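In listed order, ligands and their atoms are each counted from 1. Since we're looking at a predicted model, the values are computed, not measured.
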Amino acid sequence: MFEPDVETLPWLDQIRLDDALYRKQIAYLMAHSRFYQGKLRDAGFETAEEIGGLDAMAELPLTEKSEIRTSCTEAEPMGAHVAVPTDRIVRIYSTSGTTGTPSYIPLTAQDLDNWVTTSARSYSASGIERGEAIISTYNAGPFAAGAALGAFDRLGMCHIPVGTGNTERLMTAIRLLKPSAAVMTPSYAAYLGEWAADRGFDLQGSSVRRLLVAGEPGGGEAKLRARLEEDWGAKVTEAMGIGDIGVSLWGECEEQCGMHLGARGFVHVELIDPETETSIALADGAKGELVLTHLRHRAAPMLRFRTRDHVEIWTSVCRCGRTAPRVRCIGRTDDLLIVRGVNVFPSAIRDVVNEFAPAVSGVILIKPLAAGARQEPPLPVSVELAKDGEGTPELAETIRNRIRDMLVVSSRIELVPWGTLQRSEYKSKLVQHQAR
Ligand SMILES: [Zn+2]
């Protein structure tokens with residue numbers, strides 16, 4: 001454990017500490033964040049005292065990413081929530097964003113240090129240790145994920161950054177430098193499994209014993225995880241963060257039963273119903289959208305930030321001894337499809353389809369006919385066959401029935417030959433809308 005005293009502290013004691021931090025943070029926002037001064041006043045709060053502690057938090061408005069984006073101007077390109085003078089900012093990351101203009105994420109030296117501490121806790125949960133070598137495949141340069149890589153230095157590991165885009169070079173480095181761990185997206189890990197099989201590269205026999213996946217959901221899907229573990233002959237654990245709040249906020253331990261909150265003491269966690277925005281109590285098996293609040297952040301702190309990540313949470317103490325809650329990401333709220341009133345995440349469809357391996361390759365593409373989330377059945381799904389796999393009508397029918405039984409969604413399965421659907425060296429696209 002990176003910080004045993006912190007990571008095994010009873011959760012109620014953590015909440016007590018967090019409550020004190022939160023009250024200070026609210027006072028800080030009221031004093032320094034123009035965005036939150038306005039937002040909290042509009043909600044009827046004039047002072048930090050009126051706002052109170054964590055137990056009264058649900059009274060406060062949520063923060064949407066779009067509000068932050070709207071507050072960005074030529075004069076304030078990072079947004080009106082920035083709460084420090086420019087000379088205290090030591091780094092500015094960008095998010096790629098789907099809307100064109102990148103959004104900027106500034107950090108003070110302490111913010112950055114806290115991010116590295118968080119990542120060190122989250123990644124060390126996987127079992128990686130001082131003295132081991134780890135190979136990373138993120139082209140992290142301008143993106144917040146870059147800060148996570150600082151964790152490997154902090155942990156005293158030998159970090160071998162190779163970036164994305166040159167699989168040959170990556171595999172050569174694995175063969176020659178013999179790292180015991182590798183970090184990448186689950187999509188890339190799956191792609192490398194196929195790449196190795198095609199070329200007779202002995203990935204199972206390689207030095208890599210731990211595969212740390214992050215950057216998108218998938219590493220926690222049972223079937224995909226089993227396939228990655230077999231392809232690599234390695235244990236798979238996952239990590240998850242969100243640029244506006246912090247990198248690798250969550251990291252899974254060797255028990256493989258969800259990602260622990262590595263950012264405990266830096267970030268407070270809530271769960272809400274994404275439709276009604278009401279709070280959901282944190283308890284084993286609860287599901288909802290993650291809402292996160294910075295407890296100590298200085299440069300661009302967020303209060304009740306809607307992450308759009310839909311998760312299942314567990315609060316019972318883990319066998320590893322860490323007391324922080326654990327989550328599994330089910331999908332992005334933005335990716336949710338509603339098929340005649342039934343909610344379904346694309347990743348859930350992939351998980352069901354993956355039951356049909358080795359007949360299928362595991363790559364799917366959902367092609368909704370209508371724009372937006374709401375769809376009329378049947379939902380068109382392209383399912384890629386395994387190499388030399390045969391696409392019989394019976395197979396399509398069995399997959400269709402299984403999706404209906406498991407997810408209560410009617411689908412239309414199109415079986416496509418191996419190699420038809422696009423692989424990704426970064427993140428997989430599971431949905432392609434036919435109408436825009
Ligand atoms: Zn654990």
Quiz item: Relative to the ring of Y188, is the ring of Y191 parallel (under 30°), tilted (30 to 60°) or perpendicular (over 60°)?
Solution: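 The rings of Y191 and Y188 lie parallel, inter-plane angle below 30°.
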Quiz item: Can you pull the ring-ring contact (aromatic ring centres under 6.0 Å, His included) pairs that have at least one residue in residues 299-340, sequence neighbours excluded?
Solution: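 Output for this query lists H310-F345.
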Practice problem: Please list, chain by chain and in numerical order, all residues satisfying salt bridge (Lys or Arg N to Asp or Glu O under 4.0 Å) with R328, sequence neighbours excluded. | Solution: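 For R328 the salt bridge (Lys or Arg N to Asp or Glu O under 4.0 Å) partners, ignoring immediate neighbours, are E238, E252.
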Quiz prompt | Selection residues 335-348 - residue pairs positive for side-chain hydrogen bond (donor to acceptor under 3.5 Å, both in side chains), sequence neighbours left out | solution =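 Residue pairs passing side-chain hydrogen bond (donor to acceptor under 3.5 Å, both in side chains), neighbours aside: R340-E376.
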Quiz prompt | Test item: L271 and I313 side chains (from C-beta on) under 4.5 Å apart, heavy atoms | solution =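 Contact flag for L271/I313 side chains = yes.
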Practice problem: Give the C-alpha distance, both sets of side-chain angles, the deciding distance and a yes or no for ring pair (Phe, Tyr, Trp, His ring centres under 6.0 Å) between Y123 and F152. | Solution: CA-CA 8 Å; Y123 277 126; F152 305 131; 5.2 Å; yes
Quiz prompt | Atoms named by residue and atom, protein N, O or S, within reach of the Zn ion (ligand 1) (under 2.8 Å) | solution =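 The answer is C253 SG, H260 NE2, C318 SG, C320 SG.
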